[in-house]
2 protein chains.
Amino acid sequence: MDNTLAMVEGEGRQRILAAAEKLFSDKAFDAVSMNAIACEAGISKANIYHYFPNKDTLYLAVLRVASHNLRAVLNEAVSAHGSVLDVLRHFARNHLQALLNRPQLVRLVWREILERGAPRAQEFAEQGFADMFSALVDVLKLGQSRGEFRQDFDPALVATLLLGANVFFFQSRDILRHYPPITFADDPAGYVAGIVEILLRGLVPAPS
Amino acid sequence: MDNTLAMVEGEGRQRILAAAEKLFSDKAFDAVSMNAIACEAGISKANIYHYFPNKDTLYLAVLRVASHNLRAVLNEAVSAHGSVLDVLRHFARNHLQALLNRPQLVRLVWREILERGAPRAQEFAEQGFADMFSALVDVLKLGQSRGEFRQDFDPALVATLLLGANVFFFQSRDILRHYPPITFADDPAGYVAGIVEILLRGLVPAPS
DNA sequence: TCTGATATTGACCGATTGGTCGGATGTTTT
DNA sequence: AAAACATCCGACCAATCGGTCAATATCAGA
């Protein structure tokens, strides 16, 4: 019976996890030392080993919670209502906004996806993908069954296209920014709106 | 007057660069030791320092040549002729094919883009971007001026969308593969064809 | 054949790495 | 109070890190 201060069950653990998440999201696994993590967490290095048996386990734990949180954030951003078209628009906008709101989590998980030879936690990433995909594919299928979308495209392909556009925007935002003809680098909402509009209406003028 | 064998001016240099490129493309900077590079190149570690003053310089050199080669490969893939529509299709297909043909180069450059706090060679990446973008934007603008495309979209935005779709496909191909509703993970040509078709015609049925 | 320059190496260096250990702090339970 | 427990840390360890250096091997031009 004391939650007086700093003793609320696993407080030390979470301090370590938070510090590790912060550092691992900026630099790669080998570029982050246990010393740096301990320093960031304000504890001693040896103390980390009281909670985690080794560096890999700690990293795995960080990745697990990060993936879980990111998944929650993204799933939360999905829910919408109204016409299929509105749902699609909301989905795209909220998805990108969620990515931009939690850059640490996104970078952490995405780096793991890109690293080779070490499928340490591909399962996590796949779970996140699965959720996004199925939700988006469902929306598209609904649109098709309602006749609001044409029937002759693969919903999974369009889902890939849309999610990819958002992820790409997130990843290369800094580069896009100092590139003259691009005006939407700092206007994610405008970017998404433009993309969705193009997706819906296409590049080719409608036959009159 | 001897190119008999193994003495063709900077042969040692290139061996080192090749080994470093291979290792750096799989693992991050700190995860690759000079020892590993020397071993991969079949020489001694000390010998590396005869050609490169330190690890950073070597990495920079690797990134420089990789970026240059990637840029050449991508630019080569761009050239096309025929109707604007055909040019666009060729562009998209060849661009993705170029990415898939040189996964090492792409991963190397792209990792550098994603790493934080160390803009070691962002210039290289930006150059590659600039080329692709301007080429693609030009195609789209041409289509607009010819009236083959509608006028009310931002060419830079569509270029981002298309390039992003390809990069995203390249990056997350492994994940896409073991995801049931996706049938195009091993069919890049089909993927690109589907994407371009959607881009051109849009999701919404043409008004009859 | 001598000479100067370029390649190449093994041995070594200080620093840092991930990880261990014994003991010093409490806190809780008995 | 004392045993039992979780928490925390300074000091230490072997291994590896990036990097240096003196010594050799190789070879072109004289």
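Naming: A, B, ... by sequence-line order, numbering from 1 per chain.
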Which residues pass the side-chain hydrogen bond (donor to acceptor under 3.5 Å, both in side chains) test with [X], not counting sequence neighbours?
X: A:R173; value: none
X: A:R102; value: none
X: B:R177; value: B:D174, B:D186

Length of the [atom1]-[atom2] vector between [X] and [N], whole Å:
X: B:H50; N: C:dA7; atom1: NE2; atom2: P; value: 4 Å
X: A:Q14; N: D:dT7; atom1: CD; atom2: P; value: 13 Å
X: A:R13; N: D:dC8; atom1: CZ; atom2: P; value: 13 Å

End-to-end bend of the helix from C:dT1-D:dA30 to C:dT30-D:dA1 (five-pair axes, 10° rounding)?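 For the helix from C:dT1-D:dA30 to C:dT30-D:dA1, the axes at either end differ by 10°.
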
Which pairs of donor and acceptor atoms, one on a side chain in residues 69-78 of chain B, lie under 3.5 Å apart (sequence neighbours left out)?
{"residue": "B:R71", "atom": "NE", "partner": "B:D131", "partner atom": "OD2", "Å": "2.4"}
{"residue": "B:R71", "atom": "NH1", "partner": "B:Q127", "partner atom": "OE1", "Å": "3.2"}
{"residue": "B:R71", "atom": "NH2", "partner": "B:D131", "partner atom": "OD2", "Å": "3.2"}
{"residue": "B:N75", "atom": "ND2", "partner": "B:R71", "partner atom": "O", "Å": "3.4"}
{"residue": "B:N75", "atom": "ND2", "partner": "B:D131", "partner atom": "OD2", "Å": "3.2"}

How would nucleotides 9-24 of chain D be written as a contact map, 5' to 3', with B for base contact, S for sugar-phosphate-only contact and - for no contact, using protein heavy atoms under 4.0 Å? BB------SBBBB---

Please list all pairs meeting side-chain hydrogen bond (donor to acceptor under 3.5 Å, both in side chains) that have one or both residues in residues 36-50 of chain A, counting only residues at least two apart or in different chains.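 Listed once each, the pairs are A:K22-A:E40.
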
Are B:Y51 and C:dT8 close enough that a side-chain N or O sits under 4.0 Å from OP1 or OP2?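 Yes.
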
Identify, with sequence neighbours excluded, every residue that meets salt bridge (charged side-chain N to carboxylate O under 4.0 Å, His left out) alongside A:R93.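 By the salt bridge (charged side-chain N to carboxylate O under 4.0 Å, His left out) rule, A:R93 matches no residue at all.
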
Set of ring-ring contact (aromatic ring centres under 6.0 Å, His included) partners for A:F133, sequence neighbours left out: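 For A:F133, the residues satisfying ring-ring contact (aromatic ring centres under 6.0 Å, His included) (neighbours in sequence not counted) are B:Y179.
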
B:D152 vs A:R201, salt bridge (charged side-chain N to carboxylate O under 4.0 Å, His left out): CA-CA, chis, key distance, verdict: CA-CA 11 Å; B:D152 58 350; A:R201 302 170 55 202; 3.4 Å; yes

